[in-house]
Amino acid sequence: MNSPHGPHGPHSQPEQTSSAAYLALVEGRLAADGCATRWEDWAGVPVLVGRRADFRLSWMATKLHLFTVAAAVPEITVSTVAAFTDQVMKYAKDTKGGLPVGLQNGVGSFPVLVSDRVEPAAVQWAEEQQRVKFSSMARPVVVDNARQYVGMYRGKPALGRVYANYFIEKGSRYFYGQQ
C-alpha cells in the first residue's frame, strides 16, 4: 500500500500494523546499520533507544551523535510529540558523553512515536520542520499504524543543513525500510 506524496517526497508506510511489530522492525534496522540498541523504562513506558556516532570532514570535522528513541503510545497529539521531542533532545544531550556539545560535537535525534490513534495535526507538526537547540537537532517521526503512514521532515533546513542528507538517509532506512 502506498501513501500519498508529501511536500518533501514520497512517504511510505510501516510494513506491519501493530506498534510492537513496527518497533521490532525499527530495532532490527538500527542494529543492521551499526547502532547500539537497548530498551529503557521511561516512567513505565518501554522505550527503544538506538545510538551511533559518525565523524565526517564534510561536517566541518565534527562528530554527530545520533539517537533514535521510539515508543508506542495510546494516542499522538501535537502536545504529545512536542513534549516527547523535548524530552528526547534533553536525553540525547545529557547521555552522549565526551566533549561538550558544540565543540566539534553535535547531537541529532529521531524522537519516534507510534500509535493507532494519531491527530493529523501531529503528523503535520512532525513534517513541517527540524527542531534545533544549540548544536542539537531533532527530526520527530510520527507513525500512524491505522493509516499505515510515517510522517517526518525530509527537507534541508538552513540550520544544520550540512547534516540534512545524513538525516534523510538514516530516516529513510530506519522508518521507511529503504536502503
Side-chain angles (χ1 to χ4, degrees), residues 2-14 22 25-27 29-37 48-70 76 78 81-114 121-144 149-179:
N2 289 329
S3 298
H5 291 263
H8 304 294
H11 295 78
S12 24
Q13 69 287 343
Y22 184 76
L25 280 173
V26 170
E27 182 177 24
R29 292 171 184 163
L30 290 168
D33 195 41
C35 295
T37 62
L48 170 65
V49 177
R51 180 180 181 175
R52 66 177 294 128
D54 294 289
F55 174 86
R56 305 244 170 99
L57 288 174
S58 62
W59 294 341
M60 299 173 282
T62 61
K63 179 186 271 189
L64 181 67
H65 299 266
L66 180 63
F67 289 81
T68 301
V69 182
I76 304 172
V78 171
V81 70
F84 189 68
T85 297
D86 288 343
Q87 188 177 11
V88 168
M89 289 178 84
K90 181 180 180 346
Y91 171 86
K93 186 176 176 185
D94 292 348
T95 306
K96 79 154 199 64
L99 292 172
V101 174
L103 298 175
Q104 301 307 108
N105 275 290
V107 175
S109 60
F110 287 117
V112 183
L113 289 178
V114 183
V123 174
Q124 292 168 349
W125 187 89
E127 291 177 336
E128 75 185 358
Q129 69 181 2
Q130 173 174 278
R131 282 18 191 206
V132 179
K133 293 180 182 176
F134 180 73
S135 295
S136 182
M137 300 150 285
R139 292 196 177 204
V141 180
V142 172
V143 180
D144 184 336
Y149 186 85
V150 176
M152 68 173 274
Y153 177 68
R154 296 170 64 90
K156 297 183 178 182
L159 286 174
R161 184 177 207 77
V162 70
Y163 303 109
N165 288 336
Y166 178 82
F167 275 107
I168 292 167
E169 183 262 317
K170 294 301 182 193
S172 293
R173 178 173 294 172
Y174 300 160
F175 313 118
Y176 300 99
Q178 300 168 353
Q179 295 299 318

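Remember, predicted model here, so these are calculated numbers, not experimental data.
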Does the side chain of [X] reach to within under 4.5 Å of the side chain of [Y], using non-hydrogen atoms?
{"X": "V49", "Y": "Y91", "result": "yes"}
{"X": "F84", "Y": "I76", "result": "no"}
{"X": "H65", "Y": "T95", "result": "no"}
{"X": "I168", "Y": "R139", "result": "yes"}
{"X": "L48", "Y": "V26", "result": "yes"}
{"X": "K93", "Y": "F67", "result": "no"}

| message | List the residues meeting ring-ring contact (aromatic ring centres under 6.0 Å, His included) with F110, not counting sequence neighbours, and say none if there are none. | response |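 In terms of ring-ring contact (aromatic ring centres under 6.0 Å, His included), with neighbours along the sequence ignored, F110 is linked to F167, F175.
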| request: Not counting sequence neighbours, which residues clear salt bridge (charged side-chain N to carboxylate O under 4.0 Å, His left out) with R52? List them please. | output: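 With neighbours one apart ignored, the set is D33, D54.
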| Listed partners of D86 passing salt bridge (charged side-chain N to carboxylate O under 4.0 Å, His left out), at least two apart | K133
Looking at [atom1] of [X] and [atom2] of [Y], how far apart are the two atoms once the value is rounded to the nearest 0.5 Å?
{"X": "L30", "Y": "T37", "atom1": "CG", "atom2": "OG1", "answer": "7.0 Å"}
{"X": "Y174", "Y": "E27", "atom1": "OH", "atom2": "CD", "answer": "13.0 Å"}
{"X": "Y149", "Y": "E127", "atom1": "OH", "atom2": "CD", "answer": "3.5 Å"}
{"X": "C35", "Y": "K170", "atom1": "SG", "atom2": "NZ", "answer": "7.0 Å"}

| Between S172 and R154, does any side-chain donor sit less than 3.5 Å from a side-chain acceptor? | yes
| field | Flag, side chain of R51 to backbone of A36, donor-acceptor distance under 3.5 Å | value | no
Which atom names give the shortest non-hydrogen contact between [X] and [Y], and what distance separates them?
{"X": "P140", "Y": "W125", "answer": "CG-CZ3, 3.5 Å"}
{"X": "T85", "Y": "A138", "answer": "CG2-CB, 3.9 Å"}
{"X": "V142", "Y": "A122", "answer": "CG2-O, 3.8 Å"}

| field | side chain to side chain contact (heavy atoms under 4.5 Å, CB included) between Y166 and L66, worked out | value | CA-CA 10 Å; Y166 178 82; L66 180 63; 3.8 Å; yes
| request: Give the intermediate values and the outcome of side chain to side chain contact (heavy atoms under 4.5 Å, CB included) for residues R29 and Y176. | output: CA-CA 10 Å; R29 292 171 184 163; Y176 300 99; 6.0 Å; no
